[in-house]
J.: 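Have a look at this one before I ask anything.
Whatever order the structure lists them in is the order used to number ligands and atoms, beginning at 1. Values in this document were obtained by computation on a predicted structure and should not be read as measured data.
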Amino acid sequence: MFRLSLGFTLVAIELVLLAQAARVVHDWDIGYLTVNRDGYTTRRAIGVNGQLPFPPVYATKGDTLVINVHNSLDLPTSIHAHGIFQKGTNYMDGAGLITQCGIPPGENFTYEINADQAGTFWIHGHYSHQNVDGLRTPLVIYDIKPAVLEYDEDMLIFLEEWYPNEFNSRMAEILNPLVPFPPPPSFPYGLINGINGNNTAPITFVPGGKYRLRVINMSSTEWFKFSLPGHQLQIIEADGVDSVPHTVDGLDLGPGQRYSVVVTAHDTEQYNYQYNVTLYANFIPFIPGMNPRYYLGLIEYKPGAPVKTLTQSDDFLTEWSDDVVLKAWDQQPLMPVDKTFNWTTGTTKYSNNLTYSILDDIPFQPPLVPPLFSAMSMGDLALNSTIYGPQTRAHVLRLNEVVEIVVNNPSSLYHTMHLHGHAFQVTEYGPSGTQADPNAPPIPVRKFSEWPMRRDTFVVPAFHYTKVRFLADNPGVWIFHCHMDVHFAMGLAVTFVEAPDVLQKQQTIPQGLFDMCHRQGVPTWGNGAGNAAFNLTGLPPIPS
Ligand SMILES: *[C@@H]1O[C@H](CO)[C@@H](O)[C@H](O)[C@H]1NC(C)=O
Ligand SMILES: *[C@@H]1O[C@H](CO)[C@@H](O)[C@H](O)[C@H]1NC(C)=O
Ligand SMILES: *[C@@H]1O[C@H](CO)[C@@H](O)[C@H](O)[C@H]1NC(C)=O
Ligand SMILES: *[C@@H]1O[C@H](CO)[C@@H](O)[C@H](O)[C@H]1NC(C)=O
Ligand SMILES: *[C@@H]1O[C@H](CO)[C@@H](O)[C@H](O)[C@H]1NC(C)=O
Ligand SMILES: *[C@@H]1O[C@H](CO)[C@@H](O)[C@H](O)[C@H]1NC(C)=O
Ligand SMILES: *[C@@H]1O[C@H](CO)[C@@H](O)[C@H](O)[C@H]1NC(C)=O
Ligand SMILES: *[C@@H]1O[C@H](CO)[C@@H](O)[C@H](O)[C@H]1NC(C)=O
Ligand SMILES: [Cu+2]
């Protein structure tokens with residue numbers, strides 16, 4: 001386990017840490033290696049400095065994270081700190097082809113990321129879905145003030161799915177017009193803290209101890225449930241936002257989501273217990289031994305003590321982690337809406353026989369010029385969304401307007417939506433479309449009660465809509481995309497261009513980012529096609 005002993009001396013620590021805002025430096029040589037992670041398949045993967053998993057990154061609020069990336073791959077790469085707002089540093093967001101060109105093979109780029117927020121985050125590749133092949137790691141930023149609940153130890157539990165083949169070959173199969181959609185699943189195995197889920201080392205509990213478990217879903221497609229039968233989980237954080245403590249039996253995490261829970265150990269060391277990680281796909285049928293997959297790990301009070309096995313029903317979801325039940329610890333009230341987007345997701349085969357996913361009428365594709373460079377170079381025209389090119393799905397926002405998004409999902413697929421640079425107030429879930437099973441119980445409308453919880457990644461379950469709001473207080477270009485990489489690759493994304501007029505005055509893109517584009521022949525001036533004004537000649541045609 002990865003752990004840090006905190007003790008009860010948080011106030012003293014706070015004083016020391018304030019005086020010591022540090023530069024936390026990591027050198028990452030990102031390259032291919034051949035590994036067997038799940039105990040079944042040996043395959044090529046993406047690791048760092050010759051190893052996988054990447055080591056977790058730890059910092060303290062106020063620090064600057066310095067990640068010096070050397071790209072030893074044969075394709076461009078980039079890294080994104082998921083959940084970090086990048087206020088004033090949009091160009092460090094790492095969104096490939098949105099805020100930067102990729103780092104070319106053989107070259108270096110140094111990310112400087114301000115750790116202005118505390119909580120549980122992760123860093124992952126954001127170019128060509130390299131995250132799915134291994135380029136992902138937890139990012140924990142310790143707070144300088146006491147947590148919502150006291151605890152003795154801080155532990156990380158990061159969950160990943162691991163496929164037998166590389167993302168691009170799986171994607172080629174999914175997009176192959178000759179393979180019916182959806183293709184037969186190549187169901188992955190589950191990794192817990194970077195290794196085969198059934199081989200993960202026991203978690204040690206001391207009687208009466210209190211433990212903060214930071215559970216991170218770094219998956220790309222599959223979902224996870226996490227529970228610790230015989231113990232209760234008190235949620236105190238979701239996606240880097242503190243919550244009013246809320247007790248649940250288990251967590252249900254979508255790709256990209258994180259929770260911190262505080263668990264109080266039993267008073268005796270009479271028994272050991274098991275935690276249960278379930279990896280499942282809700283969009284394909286039950287397949288015995290495959291979907292779902294279960295992993296049981298030991299909670300060890302005393303080596304050799306009998307294990308108290310407690311089976312739990314699949315229905316613990318009645319007490320699952322639910323965004324509209326959680327309340328924000330800072331008691332921020334619901335923000336009044338200025339602008340609403342009401343979008344409906346869809347996945348269909350187009351006339352070119354390829355399957356695309358859409359959020360907003362047209363499948364997203366990056367334009368020729370990364371839209372951050374268009375926003376910075378086009379003067380007043382940057383306020384007109386047309387210049388970014390239709391497939392960028394750019395929506396220009398005014399500074400400080402409150403935007404409501406309704407994502408309707410009238411299908412049996414699930415989506416997990418993530419916006420860079422922001423956390424949403426999650427306000428409502430309800431029914432969308434007609435459920436495939438006529439005997440299924442009707443889906444109720446569920447609304448927040450007070451102080452809507454904020455998080456940077458929310459789920460839109462099958463046949464549901466989800467409503468969220470965010471404040472456009474972060475000038476920059478921010479992609480809003482499904483965090484299920486297959487859907488993102490098929491086009492399920494839009495781009496928010498937030499206050500480009502303010503952005504132009506406030507920020508300067510470092511020279512290294514211009515150089516990176518130029519060396520790849522990508523223009524850093526002009527509209528989405530690298531031309532003046534509204535001339536978009538040169539962009540690929542929109543699929544129809
Ligand atoms: C490039 O990055 C690697 C790994 O992060 C580092 O070891 C090397 O010193 C860097 N080279 C330069 C020229 O910055
Ligand atoms: C993890 O994320 C994946 C992909 O977004 C999602 O399908 C899965 O449900 C998530 N699991 C958990 C436990 O949240
Ligand atoms: C993990 O171990 C449990 C308990 O022994 C077993 O039921 C389960 O099938 C194993 N999971 C995998 C994926 O091998
Ligand atoms: C593990 O949890 C799943 C629900 O996610 C449940 O179906 C399964 O029975 C549990 N396994 C055990 C041994 O409790
Ligand atoms: C969104 O639009 C659909 C029709 O396209 C409509 O049925 C639904 O009520 C709208 N939702 C909201 C919240 O406006
Ligand atoms: C799409 O597939 C159909 C059926 O296989 C075929 O008739 C048609 O020519 C294909 N269209 C294109 C653009 O390839
Ligand atoms: C953006 O430019 C287009 C093309 O010139 C024009 O039709 C449209 O009215 C402009 N939109 C705004 C909001 O100015
Ligand atoms: C539009 O851009 C294309 C490609 O850069 C260029 O060839 C063409 O002359 C431009 N058209 C106009 C009217 O400027
Ligand atoms: Cu999706």
J.: For atom 4 (C) of ligand 8, grab the closest protein heavy atom and report residue, atom and distance to one decimal in Å.
T.: Asn531 OD1, 3.8 Å

J.: Within the 4.0 Å heavy-atom shell around Thr278, which atoms of ligand 4 are there?
T.: 1 (C), 2 (O), 3 (C), 4 (C), 5 (O)

J.: Is a donor from one side chain sitting under 3.5 angstrom from an acceptor on the other, for Tyr295 and Gln274?
T.: no

J.: Are more than 12 heavy atoms, taken from residues, nucleotides or ligands other than Asp380, located less than 6.0 Å from that residue's CG atom?
T.: no

J.: Any non-hydrogen protein atom below 4.0 Å of atom 9 (O) of ligand 8?
T.: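 Under the 4.0 Å cut-off, atom 9 (O) of ligand 8 has no protein heavy-atom neighbours at all.
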
J.: Please could you name the atoms of ligand 4 that Leu310 approaches to less than 4.0 Å, counting only its heavy atoms?
T.: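 Within the 4.0 Å cut-off of Leu310, ligand 4 contributes 14 (O).
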
J.: For Asp29, is at least one N or O under 3.5 Å away from an N or O on ligand 1?
T.: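 No; the residue has no nitrogen or oxygen that sits under 3.5 Å from a nitrogen or oxygen of the ligand.
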
J.: Among all the protein's non-hydrogen atoms, which is closest to atom 1 (C) of ligand 8, and how far away is it?
T.: Asn535 ND2, 1.4 Å

J.: Could you tell me if Arg214 sits above the aromatic ring of Tyr259, with its cationic atom closer than 6.0 Å to the ring centre and no more than 45 degrees from the axis?
T.: no

J.: How far does CD1 of Ile30 sit from CD of Gln130, to the nearest 0.5 angstrom?
T.: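 Between Ile30 CD1 and Gln130 CD, I get 8.0 Å after rounding to 0.5 Å.
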
J.: Mark yes or no: Arg293 above the aromatic ring of Tyr189, with NZ or CZ under 6.0 Å from the six-membered ring centre and no more than 45 degrees from the axis.
T.: yes

J.: Tell me: protein heavy atom nearest atom 5 (O) of ligand 1, and distance?
T.: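 Checked against all protein heavy atoms, atom 5 (O) of ligand 1 sits closest to Asn68 O, 2.7 Å.
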
J.: Would you say atom 14 (O) of ligand 1 makes contact with the protein, given that contact here means a non-hydrogen protein atom less than 4.0 Å away?
T.: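 True for atom 14 (O) of ligand 1.
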
J.: So does Leu191 get a backbone contact from the side chain of Asn196, meaning a donor-acceptor N/O pair under 3.5 Å?
T.: no

J.: For atom 2 (O) of ligand 1, grab the closest protein heavy atom and report residue, atom and distance to one decimal in Å.
T.: Asn108 ND2, 2.5 Å

J.: Distance under 6.0 Å and angle within 45° of the ring axis: does Arg393 meet both against Phe364?
T.: no

